[in-house]
2 protein chains.
Amino acid sequence: MVGMNSTAAGDGATGRGRPRGFDRDAALVQAIRLFWERGYEATSIGELTRAMGVRPASLYAAFGDKKSLFEEAVAAYGRTPPGAFLDIAFAEEPTARGAFSRVLHEAALVYADPAHPAGCLTISAATNVTPQDAGILAFLRDLRNRNLARFEDRLRTARATGELPADTDPHAPARYFATVIQGMSQQARDGATQAELTRVAELALAAWPSATAG
Amino acid sequence: MVGMNSTAAGDGATGRGRPRGFDRDAALVQAIRLFWERGYEATSIGELTRAMGVRPASLYAAFGDKKSLFEEAVAAYGRTPPGAFLDIAFAEEPTARGAFSRVLHEAALVYADPAHPAGCLTISAATNVTPQDAGILAFLRDLRNRNLARFEDRLRTARATGELPADTDPHAPARYFATVIQGMSQQARDGATQAELTRVAELALAAWPSATAG
DNA sequence: CGATTTCTTGAGCGATCGTTCAAGAAAGAC
DNA sequence: GTCTTTCTTGAACGATCGCTCAAGAAATCG
């Protein structure tokens, strides 16, 4: 009944005291899944404790309050493939065109992957929120707007290196691709398949700023 | 203190009994605004009664339970300009290209209009929902997928009348435009302005299926 | 007028929300 | 072994959730 301790979490784990009776990382995976599927407020502590196999007091001892658990879940989600594919593509692709194309195509596969909840946690987990949890909404919105700024930076760099025409406006295409990606997340939640979203990704790339300039 | 009765609601109002002490339509407008801004579950009966100027018992007597109130609010929203612009554009524009172009441009203006909550109620009001309210989620998702089917129908018709090439696939562009519109709603909620979304609409139209065929 | 009908008021229903507390259990330190 | 530290257990905290009920108030009908 007594499981192994967690692998390596940021607790000041010197080994003193009774060891934790559950796998902290495995429990966090369950929390991610629930927040991903239902969102922040629609996921209750009761559901979390049930899915994580942990009693409330243990959950609070290990993760703090619900907000802290959510923020840690978002951070851990960002280190999984579905949450990190954008960063990886931007880091690995040499050209901006290649980066955006890859992000769109991978979003199609990731968002509609039946192996996990549809869409993107960052996009959909704090859409409907009580005023008292406005901080959670702002937390995810800032994350999204940070990605928007990275889109714009990447396009600006592409213009500076000559990949894009000198008169290219980086602002509008950045907003456009962010729009398409957020829309793809919604579409996946509405039942769109990987094949359908791949076609959407291909169509979206028709707006790539090369032939005509704004 | 005693206001006028409602204009014309579907109650079996023969005039018997004590008249309603509040304007039913005006109260419904406040309900729309709250559901629009926060979504279904994040809007409590307490907030609704406060904003509508009505006590709980009066609300339940006039609108039934929370789910019925929401469905009526969605229906009424669909008869306001922000909720009906798609239907109007599709009805008035002779060409498919004109219809989609107009829908995209009007979505940019409507979704980021500072005069009311950002985005589209149908798109954003039931993203995060408890399992017990799964019916509300399905209700709005069906509404969205109905619009998707209308997009496809419109493109199919355009192909039949010769506006689009005979080998045009109506499915993919329909999904694409639905994706962009839902993304625009999200972007508006994240702070995108009317001008920014208008540029997104213009870029999105670059994927219009005419020059290249899938 | 009295009778009937409908709405409003104010209180409160059971359930669930996020969270915490006291007591017991399992480990290392000495 | 005992002491200390940490985690687990089970119960329960106050607050809020959606919703309802009994009593009083305001209208029409006869």
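Because only heavy atoms are used, hydrogens play no part in the values below, and waters and symmetry mates are left out as well, while side chains stay in. In what follows, chains carry the letters A, B, and so on, assigned in the order in which the sequence lines appear, proteins first and then strands, with residues in each chain numbered from 1.
- Ranking D/dT6, C/dT8, C/dG10 by closeness to the B/Arg18 side chain, first place goes to C/dT8.
- Of the candidates C/dT19, D/dG18, D/dT9, C/dT19 carries the atom nearest the A/Lys66 side chain, counting heavy atoms from C-beta on.
- Distance from the side chain of B/Pro56 is smallest for D/dC19 among the nucleotides D/dC19, C/dT20, D/dT9.
- The listed nucleotides are D/dT8, D/dG10, D/dC19; the one nearest the side chain of A/Arg20 is D/dT8.
- With the nearest nucleotide of DNA chain C identified for both A/Gly64 and B/Gly17, B/Gly17 has the one nearer the 5' end.
- Along DNA chain D, the nucleotide closest to B/Gly46 and the one closest to A/Val54 are compared, and the more 5′ of them pairs with A/Val54.
- Atom NZ in B/Lys67 sits roughly 18 Å away from atom C1' in D/dC17 (whole-Å rounding).
- Taking the six-membered ring for Trp, A/Phe90 and A/Phe151 have ring centres closer than 6.0 Å.
- The listed nucleotides are C/dT20, D/dG18, D/dT20; the one nearest the side chain of A/Ala57 is C/dT20.
- Rounded to the nearest 0.5 Å, atoms CG (B/Asp142) and CG (B/Asn147) are 11.5 Å apart.
- In this structure, CG of B/Asp133 is placed 14 Å from P of D/dC17, rounded to the nearest angstrom.
- Nearest nucleotide to the side chain of B/Phe22, out of C/dG18, C/dT9, C/dT8: C/dT8.
- At the heavy-atom level, A/Thr43 lies under 4.0 Å from the strands shown only through sugar-phosphate atoms.
- The side chain of B/Ser44 contributes an N or O atom lying less than 4.0 Å from OP1 or OP2 of D/dC17.
- Annotation: the span from A/Trp36 atom CH2 to A/Ile32 atom CD1 amounts to 8.5 Å, rounded to 0.5 Å.
- The phosphate of D/dT8 (OP1 or OP2) has a side-chain N or O of A/Ser58 nearer than 4.0 angstrom.
- A cation-pi arrangement is present between B/Arg20 and B/Phe22 under the rule of less than 6.0 angstrom and at most 45 degrees off the ring axis.
- In this entry the distance linking CG of B/Leu59 with C1' of D/dC19 reads 10 Å, nearest Å.
- Rounded to whole angstrom, the span from the CD atom of B/Glu41 across to the P atom of C/dT16 amounts to 14 Å.
- Both A/Ala61 and B/Glu47 lie near DNA chain D, and the one whose nearest nucleotide falls closer to the 5' end is A/Ala61.
- Residue B/Met52 contributes atom CE, which lies 14 Å from atom P of C/dT9 at whole-angstrom precision.
- Distance from the side chain of A/Pro19 is smallest to C/dA26 among D/dC17, C/dA26, C/dT19.
- Rounded to an integer number of Å, the gap from CD of B/Gln132 to P of C/dA15 is 13 Å.
- When distances run from any side-chain atom of A/Arg16 to the nucleotides C/dA29, C/dT9, D/dC19, the shortest one goes to C/dA29.
- For B/Arg55, taking side-chain heavy atoms from C-beta onward, the closest of the listed nucleotides D/dC19, C/dT9, C/dC17 is C/dT9.
- Atom CZ in A/Arg24 sits roughly 12 Å away from atom P in D/dT8 (whole-Å rounding).
- With B/Tyr60 as the aromatic partner, B/Lys66 does not meet the cation-pi criteria of under 6.0 angstrom to the ring centre and within 45 degrees of the ring axis.
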Stepwise side chain to side chain donor-acceptor pair (under 3.5 Å) test for A/Thr179 and B/Gln186: CA-CA 8 Å; A/Thr179 300; B/Gln186 253 277 24; over 6 Å; no
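- Between B/Ile45 atom CD1 and C/dG14 atom P the separation is 19 Å, expressed in whole Å.
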